[in-house]
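Here the structure comes first, spelled out in structure tokens, and everything after it is commentary.
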Amino acid sequence: MSASPSTLPPDLSQVVSCVSGYDPKALPVDKVQDVIRRFVRPVRVAERVDLRAALGRVLAEDVIAPMDVPAHNNSGMDGYALRSDALGTDGAATLRIAGTGLAGHEFSGDVPAGSCLRIMTGAVLPAGCDTVVPQEFCRVDGELVHVPPGVLKRGDNARMRGEDLRAGQPALLAGKLLRPADIGLIASLGQAEVMVWRRLRVAFLSSGDELRSIGQPLSEGCVYDSNRYTLWAMLQRLGCDVLDLGVVRDDPALLEAALRHACENADAVITSGGVSVGEADHLRSVMAALGDVAFWRIAMRPGRPMAFGSIASHDQRAVLFGLPGNPVAVMVTFYAFVRDALLHMMGAAAKPLLLLPVAAQTALRKRPGRTEYQRAVLTPLPDQPGRYCARTTGDQGSGILRSMSEAAGFIVLRHEQGSVQAGETVEFLPFEGLV
Ligand code: AMP
Ligand code: MG
């Protein structure tokens, strides 16, 4: 099953006509992002899943709090619950202990004026009590508790009913990619299941006659197909259902069969390799014959050639990303373009990537007119607490996958930016947290 009719993308030519200064031979990164964003559509099929199975999935409907959370006023500390009007102007008081309130056990007695309740964290605050004095502040003398002056003010250490969530209030909005805190938040509402969008199905294949699969001998001039594994891993992180088509030989019939199978069984299809101009292979012509595909030269480094559009087979259409073959380029184009598009198709609310300002540790050579993604590590600046400087991992060749593995993230040098001096602020995209 492929994308349902409502998710069919519009005509690519229609989309690019809305983008000013569209030039497929020299496309800035932000224009590529713009075209892709206008083209892809969310797959709107929801399913109900058990709360634990919802981690990493995208919420399909708002989660509304059915009750106040917390449901009762309760204590935030182990100590003594009191009425704040019992405190003197200096905040001191001497109170008689009326009983004990334990978490999960209601104290049924009364806390009259001049008294307090020995109370544990999470225990319900008795009516009239609005403040808790931590036990370590008090001096206890038999039945009496002495609260010293100046340690307490009204409302301290009291957790009020509904302060986390009010009944009827949306606790989480549709489009949220569920993280551990969200799973806990839903549990705090007593909800065992949740509506999420169905997983996105993504098919991928590697192309290039020099590619060998793991387990095969590596003959002269051949390389192991590593993109199959980086793509698999990046898609896995995004929570997609992956359809791994492996290496497809540079044979038009085989390529066509693979692409047809991919678009009949997936919402999106990703290929790597074989899309540069002057490629000796057939992938470009097969893509063009199967759909509505543009071949771009993107003003970026690495990752210049890329194909994008949709392909169809037997009325089933899928979004197509034809990524470059170089192992670093495939990852950079995935993070720059594919990730956001797939998240959008998954129904996730748009969320810009977090770019951190850091200092360049060394000068960086850069020509204006293209976006660069330099692989870099971070070091804390010794004289400036909380600030970091970034230095590249060395050789930035787009075939050097080690540069990605060693890096903590990308230094992103913007399109119009020129060379950077040591110490200048640059933008850093951390890999940590990048799904
Ligand atoms: P291409 O984009 O097909 O011109 O490939 C560019 C470079 O990336 C060539 O050196 C290819 O050998 C290499 N390459 C292409 N596909 C893969 C792959 N799946 N795994 C590892 N290297 C690849
Ligand atoms: Mg090739």
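All ligand and atom numbering here is 1-based and tracks the order in the structure. Just so it is clear, the model here is predicted, and its values are computed rather than measured. Atom set for the values below is all heavy atoms of this structure, side chains included, hydrogens, waters and symmetry mates excluded.
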For this session: Could you tell me which residues satisfy side chain to side chain donor-acceptor pair (under 3.5 Å) with Lys366, sequence neighbours excluded, listed by chain and number?
Result: none
Basic-acidic side-chain contact under 4.0 Å: [X], [Y]:
{"X": "Asp225", "Y": "Arg212", "answer": "no"}
{"X": "Glu372", "Y": "Arg370", "answer": "yes"}
{"X": "Glu163", "Y": "Arg159", "answer": "no"}

Exercise. Is Asn326 close to ligand 1, meaning an N/O of one under 3.5 Å from an N/O of the other?
Worked result: yes
Exercise. Under 3.5 Å, N or O to N or O, is Gly325 touching ligand 1 that way?
Worked result: yes
List ligand 1 atoms under 4.0 Å from [X], heavy atoms only on the residue side.
{"X": "Glu210", "result": "9 (C), 11 (C), 12 (O)"}
{"X": "Gly274", "result": "1 (P), 2 (O), 3 (O)"}
{"X": "Ser206", "result": "19 (N)"}
{"X": "Asp225", "result": "18 (C), 19 (N), 20 (N)"}
{"X": "Gly273", "result": "2 (O), 3 (O)"}
{"X": "Tyr224", "result": "20 (N), 21 (C)"}
{"X": "Ser276", "result": "2 (O), 4 (O)"}

Exercise. Is the closest side-chain donor-acceptor distance between Arg260 and Gln316 under 3.5 Å?
Worked result: no
Between [X] and ligand 1, find which residue part has any heavy-atom pair under 4.0 Å and reply side chain, backbone, both or neither.
{"X": "Ser226", "value": "both"}
{"X": "Leu211", "value": "side chain"}
{"X": "Pro327", "value": "side chain"}

For this session: Measure from NZ or CZ of Arg284 to the centre of the six-membered ring of Phe295 and say whether it is under 6.0 Å with the direction within 45° of the ring axis.
Result: yes
Exercise. Considering the options Arg198, Arg199, Arg57, which one meets the salt bridge (charged side-chain N to carboxylate O under 4.0 Å, His left out) requirement together with Glu47?
Worked result: Arg57
Exercise. Should the ring pair Phe308 and Phe321 be called parallel, tilted or perpendicular, given that the plane angle runs from 0 to 90° and is split at 30 and 60?
Worked result: tilted
